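Quick note: numbers below take in every heavy atom, side chains included, and nothing from hydrogens, waters or symmetry partners. For ligands, and for the atoms within them, numbers begin at 1 and follow the listed sequence. Since we're looking at a predicted model, the values are computed, not measured.
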Amino acid sequence: MFARAIPPAVFARRRQTLLQRMGPGSIALLPAAASMPRNRDVHYPFRQDSDFYYLTGFPEPEALAVLIPGGDPEFLLFCRERDPHLEIWHGRRAGPEGAMARYGANHAHPMTAIDKVLLPLLENRERVYYAMGYQPEFDRQVLDWINRVRGKARTGVRAPTVFIALEQLLHELRLRKEPEEIAVMRESARIAAEAHCRAMQVCRPGMREYEIDAEIFHTFVRHGAGWAYPSIVAGGDNGCILHYTENNALLQDGDLLLIDAGAELDGYASDITRTFPINGRFSGEQQAIYELVLAAQQAAIAKVKPGCHFNDPHDAAVRTLTEGLTAIGLLPDRAVEDLIKEEQHKQFYMHRTGHWLGMDVHDVGIYKTGEDWRVFEAGMVTTVEPGLYLPAGGQMIDAHWARLGVRLETEIEERWQRIGVRIEDDVLVTAEGNEILSAAALKEVAEIEALMREG
Ligand code: GLY
Ligand code: MN
Ligand code: MN
């Protein structure tokens with residue numbers, strides 16, 4: 001997780017809020033992420049579980065956090081014991097002493113003591129909060145504990161009877177970002193913005209996509225961050241593959257380069273996409289598509305404010321794109337309302353305009369309450385990321401629409417092909433409107449061309 005930026009008092013405050021909302025008679029169980037094997041003796045770099053980290057700040061695998069409202073203790077942490085021999089090989093461990101001294105646990109025990117310590121705490125407790133169905137082994141473990149408590153029924157012990165998905169409470173907290181998190185997200189976005197500008201500065205025809213990927217990663221790491229998701233570095237037609245990750249093609253003179261890359265700083269993601277010409281100059285068609293996507297993005301960002309609902313930015317982007325595509329002849333010259341109703345834009349814009357952003361790049365938080373889209377509130381962070389994708393030949397899209405039984409009304413003329421554009425920013429809802437956290441990543445045509453000229 002690289003640099004640690006959130007102070008311990010913030011984790012303590014979050015635990016208190018959650019404890020209050022859980023109410024008496026309940027207990028919450030949160031397992032740490034598992035360390036994942038990659039190949040013989042090599043593990044994937046460890047990434048802590050977001051929920052667990054949000055409440056503990058504890059960075060190690062093989063741990064379990066327990067929260068008990070009104071309990072003594074209220075915050076219990078099970079973790080790996082210190083082991084001088086293993087620590088020489090695999091790195092330092094906090095141990096139960098460190099868990100109490102540095103991570104605010106009222107009590108901490110080695111993982112080996114779980115059954116002995118936890119089972120009595122489950123007795124006569126009515127409600128158990130935990131994230132069901134994400135870690136099968138943990139699900140089995142919880143059921144085993146419950147059954148063992150049930151096994152003591154004849155001694156008068158009552159086992160929990162209510163099991164509640166923890167995310168109901170926890171993800172509502174995570175959705176509204178606190179000032180300390182906003183500060184980290186602002187920095188995460190600033191780092192990613194710097195990486196995108198560096199990519200524009202170093203890009204030349206004849207380079208490979210992975211060379212640009214390396215420049216981006218270099219910028220992340222030199223600021224104490226990592227990536228939030230594998231960077232998409234997609235030249236030319238590859239820009240029309242939404243989750244392209246091969247990143248090995250030659251960058252060709254005359255093509256665009258689409259880069260979707262975000263940093264992760266102390267567990268907080270940024271998620272930025274920029275598209276620019278590999279040779280530093282947009283062609284007429286590239287510029288027309290680019291400026292249409294930019295106009296759609298600006299229309300969408302204007303709808304990120306308190307009082308608007310989550311789908312307003314998408315509706316605004318779709319309207320701008322549909323009008324623009326009609327004006328340049330890529331959609332038929334019919335009433336825009338009809339084209340929107342028929343979802344004609346989906347030929348060229350098949351994804352949605354945004355998602356919550358936070359510790360997870362596609363962050364937690366429900367999008368609808370009942371039938372209604374959620375209304376934006378200050379402290380929520382969403383991406384705004386419209387795009388247009390006009391692949392070589394258009395075959396990919398023809399086949400897709402044929403499967404859906406839709407007859408395409410337009411041919412993509414050759415001059416519009418090999419153009420994939422997405423522009424993505426991270427937008428914080430504020431009391432007055434919004435703040436674009438990723439604003440330092442240049443996106444006006446003239447700014448991009450000037451930066452690429454100056455190098
Ligand atoms: N980078 C993934 C996304 O934009 O949603
Ligand atoms: Mn995104
Ligand atoms: Mn993205």
Side-chain angles (χ1 to χ4, degrees), residues 47 50 174-175 177 185-186 188-200 209 212-213 216-217 219-220 225-235 238-247 256-265 267-276 290 293-294 296-298 300-301 303-304 310-314 316-318 321 346 348-367 374 376 380-389 420-429 434-443:
R47 164 59 159 78
S50 298
R174 282 181 52 192
L175 177 60
K177 274 64 181 177
M185 290 188 73
R186 204 177 268 128
S188 177
R190 192 203 61 73
I191 293 166
E194 182 181 320
H196 280 268
C197 290
R198 182 178 168 99
M200 293 174 196
E209 290 165 345
I212 304 292
D213 193 354
I216 291 164
F217 191 58
T219 306
F220 290 171
W227 48 244
Y229 52 91
S231 300
I232 295 167
V233 182
N238 296 335
C240 297
I241 301 170
L242 301 179
H243 289 160
Y244 176 78
T245 50
E246 291 164 46
N247 292 5
L256 293 174
L257 177 58
L258 182 156
I259 299 177
D260 185 343
E264 182 176 276
L265 182 69
Y268 286 86
S270 42
D271 182 9
I272 303 179
T273 307
R274 289 293 181 266
T275 310
F276 56 87
Y290 185 87
V293 175
L294 187 57
Q297 203 220 16
Q298 282 157 346
I301 289 174
K303 298 287 185 187
V304 180
F310 184 80
N311 212 44
D312 283 333
H314 182 65
V318 165
L321 291 175
K346 282 195 175 173
F348 314 111
Y349 178 42
M350 52 297 279
H351 58 81
R352 297 189 50 81
T353 302
H355 50 82
W356 303 127
L357 182 71
M359 299 189 77
D360 295 304
V361 62
H362 292 172
D363 204 31
V364 296
I366 51 172
Y367 289 92
R374 176 154 220 157
F376 287 122
M380 296 176 176
V381 181
T382 181
T383 64
V384 180
E385 50 178 306
L388 285 174
Y389 309 95
V421 174
R422 179 163 65 254
I423 307 174
E424 176 174 27
D425 278 298
D426 304 342
V427 184
L428 166 71
V429 184
N434 67 54
E435 174 188 338
I436 303 176
L437 302 177
S438 47
L442 303 183
K443 62 180 175 184

State the atom name: nearest N, O or S atom of [X] to the Mn ion (ligand 2).
| X | value |
| --- | --- |
| E424 | OE2 |
| D271 | OD2 |
| E385 | OE2 |

At a 4.0 Å threshold, what atoms of ligand 1 neighbour a non-hydrogen atom of E424? 4 (O)
Contact atoms of ligand 1, heavy-atom distance to Y229 under 4.0 Å: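 Close to Y229: 1 (N).
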Under 4.0 Å between a side-chain nitrogen and a carboxylate oxygen: does that hold for R198 and E194? no
Ion pair present between R274 and D425, side-chain N to carboxylate O less than 4.0 angstrom?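 Result for this pair is yes, salt bridge flagged.
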Let me see the working for Y229 and H243 under ring pair (Phe, Tyr, Trp, His ring centres under 6.0 Å), right down to the final yes or no. CA-CA 11 Å; Y229 52 91; H243 289 160; 8.9 Å; no
Which heavy atom of [X] sits nearest a heavy atom of [Y], and at what distance?
| X | Y | result |
| --- | --- | --- |
| A193 | S438 | CB-O, 4.3 Å |
| I191 | A263 | CG2-CB, 4.3 Å |
| H351 | L242 | CD2-CD2, 3.9 Å |
| L442 | C197 | N-SG, 3.9 Å |

Can you tell me if D260 has an N, O or S atom under 2.8 Å away from the Mn ion (ligand 3)?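 Short answer: yes, at least one N, O or S atom is under the cut-off.
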4.0 Å heavy-atom contact, D271 with ligand 1: yes
Atom 4 (O) of ligand 1 [closest protein heavy-atom partner, distance rounded to 0.1 Å]: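 Here the closest protein heavy atom is E385 OE1, 3.0 Å.
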With a heavy-atom distance limit of 4.0 Å, tell me whether H362 approaches ligand 1 through its side chain, its backbone, both, or neither. side chain
Below 2.8 Å, any N, O or S contact between H362 and the Mn ion (ligand 2)?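 Checking H362: none of its N, O or S atoms is under 2.8 Å.
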